[in-house]
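Numbering of ligands and ligand atoms starts at 1, following listing order.
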Amino acid sequence: MHAGGLMAVNFQKAQFLLAAHALRQLPPPSVPDIAFAGRSNVGKSSLINRLTSHANLVKTSSKPGKTRSLNYFSLDEALYLVDLPGYGFAQVSQETRKSWQTLISAYVEQRQTLACVVVILDLRHELKALDRDLVDWLRFHQKEYLPVYTKADKLSRNAQERHAAILDAGLTVTARDRILFSAKTGQGCEELRARLAAYAAPALQASPVRLQGGEESSLQ
Ligand code: GTP
Ligand code: MG
């Protein structure tokens, strides 16, 4: 049961749609995009797999730099999940890095249906300049974002709170604004689902009845 009249999104109904290497390859903007951004190897793909309860919807790797395109997944016909290439990976050429950066910036600035960027950070690590830059840049463009601190399973509960407070201060957010997460244990997963479901396509939340004359009635 869902409070507040929100449509329940079935997070298990996820499937791979396409890999875009240029903006013209993006799917039609029929439902809102939720994009997942973060440093290379931070756990973006693992988070999407946990979120959708699929072991292997997205390829994960201990070798950084695996995701090289904007990988689109459709979720219950209500949202697109977009796995973005990781940043800050030293082993790629300057040229490759630049082309990813151009693609991601153009995507964030131009995709009208981008509803939220999930900014993923490693709870164990201190905030890096590139992470801070990303958040500053999202704020500058007035894009909604949701910080998620992942790999929480690698720390004790005490250390989790301590590290999270440091990241909060670095990003200037409060504990209410972010989620502690683990792809391994599922910690924070329900909270993340609830936050993302709120962005689901309104068309699915309250389908208006289409009358013969083309007028709409919301069945009051
Ligand atoms: P790129 O696509 O290369 O940018 O990496 P990514 O951000 O998609 O990371 P990915 O999900 O491939 O995970 C990188 C490594 O971290 C893998 O070895 C994962 O198993 C591991 N990992 C990811 N999330 C977690 C987590 O919550 N806990 C633990 N213990 N390991 C994790
Ligand atoms: Mg990945």
Side-chain angles (χ1 to χ4, degrees), residues 11 14-21 33-75 80-105 107-108 116-135 138 145-164 167 178-193 195-196:
F11 277 85
Q15 62 182 46
F16 176 73
L17 198 61
L18 57 85
H21 292 87
D33 284 14
I34 304 289
F36 297 85
R39 300 182 72 78
S40 192
N41 216 37
V42 74
K44 296 176 293 299
S45 301
S46 304
L47 179 146
I48 295 173
N49 283 337
R50 167 59 79 166
L51 193 64
T52 57
S53 314
H54 285 245
N56 275 310
L57 184 70
V58 195
K59 285 193 192 74
T60 61
S61 167
S62 51
K63 241 172 77 178
K66 185 94 191 152
T67 311
R68 285 158 186 254
S69 41
L70 307 185
N71 292 337
Y72 267 79
F73 301 85
S74 67
L75 183 64
Y80 290 131
L81 305 181
V82 190
D83 192 13
L84 300 177
Y87 51 80
F89 178 45
Q91 258 61 39
V92 298
S93 71
Q94 187 78 14
E95 199 181 332
T96 308
R97 204 178 313 165
K98 229 175 147 191
S99 77
W100 289 356
Q101 216 166 344
T102 309
L103 178 63
I104 295 173
S105 334
Y107 164 74
V108 171
C116 181
V117 180
V118 178
V119 176
I120 306 170
L121 301 174
D122 190 321
L123 183 57
R124 299 167 303 167
H125 299 157
E126 61 184 27
L127 191 68
K128 308 282 196 320
L130 282 173
D131 301 321
R132 177 73 214 202
D133 289 349
L134 171 65
V135 168
L138 292 170
Y145 62 92
L146 171 62
V148 171
Y149 305 160
T150 194
K151 305 198 186 181
D153 59 276
K154 294 192 181 233
L155 294 175
S156 69
R157 285 278 167 172
N158 265 345
Q160 287 184 22
E161 292 306 326
R162 207 160 18 87
H163 284 233
L167 288 177
R178 48 72 174 167
I179 294 174
L180 296 190
F181 189 88
S182 165
K184 196 170 171 188
T185 66
Q187 179 183 342
C189 190
E190 276 312 317
E191 195 184 345
L192 181 58
R193 283 180 183 150
R195 295 281 285 265
L196 299 185

**Complete:** Check: of D122, L47, N41, min heavy-atom distance to atom 1 (P) of ligand 1 comes from N41
**Asked** What distance separates F36 CZ from L146 CG, expressed to the nearest 0.5 Å?
**Response** 9.0 Å
**Prompt:** Counting N and O atoms only, with roles assigned by atom type, does the side chain of R39 sit under 3.5 Å from a partner on the main chain of L121, one being a donor and the other an acceptor?
**Reply:** no
**Request:** Go through ligand 1 atom by atom and flag the ones less than 4.0 Å from a non-hydrogen atom of V42.
**Result:** 7 (O)
**Asked** So, S45 and the Mg ion (ligand 2): N/O/S under 2.8 Å, yes or no?
**Response** yes
**Prompt:** Under 4.0 Å between a Lys/Arg side-chain N and an Asp/Glu carboxylate O for E95 and K98?
**Reply:** no
**Message:** With heavy-atom distances below 4.0 Å as the criterion, list the atoms of ligand 1 near T150.
**Reply:** 27 (O)
**Request:** Just go through A183, G188, P85 and tell me whose heavy atom is the nearest to atom 27 (O) of ligand 1.
**Result:** A183
**Request:** Spell out, as yes or no, whether a donor-acceptor pair under 3.5 Å connects the side chain of Q187 to the backbone of S182.
**Result:** no
**Item:** G43-ligand 1 polar pair, N/O distance under 3.5 Å
**Value:** yes
**Prompt:** Considering only heavy atoms, which of K184, R50, K151, K44 lies nearest to atom 7 (O) of ligand 1?
**Reply:** K44
**Prompt:** Taking all atoms of both residues into account, what is the closest heavy-atom pair of R195 and I179, and its distance?
**Reply:** CG-CD1, 4.0 Å
**Heavy-atom pair with the smallest gap, counting every atom of E191 and R178** = OE2-O, 4.2 Å
**Request:** Have a look at S46, G38, S40, A152 and point out the one with the heavy atom closest to atom 23 (C) of ligand 1.
**Result:** S46
**Message:** Just to verify, which of L123, L47, V42 counts as forming a side-chain contact (heavy atoms from CB on, under 4.5 Å) with V148?
**Reply:** L47
**Request:** Just jot down the ligand 1 atoms closer than 4.0 angstrom to any heavy atom of D153, in number order.
**Result:** 26 (C), 27 (O), 28 (N), 29 (C), 30 (N)
**Asked** Which option out of G86, G186, S182, S45 puts a heavy atom nearest to atom 8 (O) of ligand 1?
**Response** S45
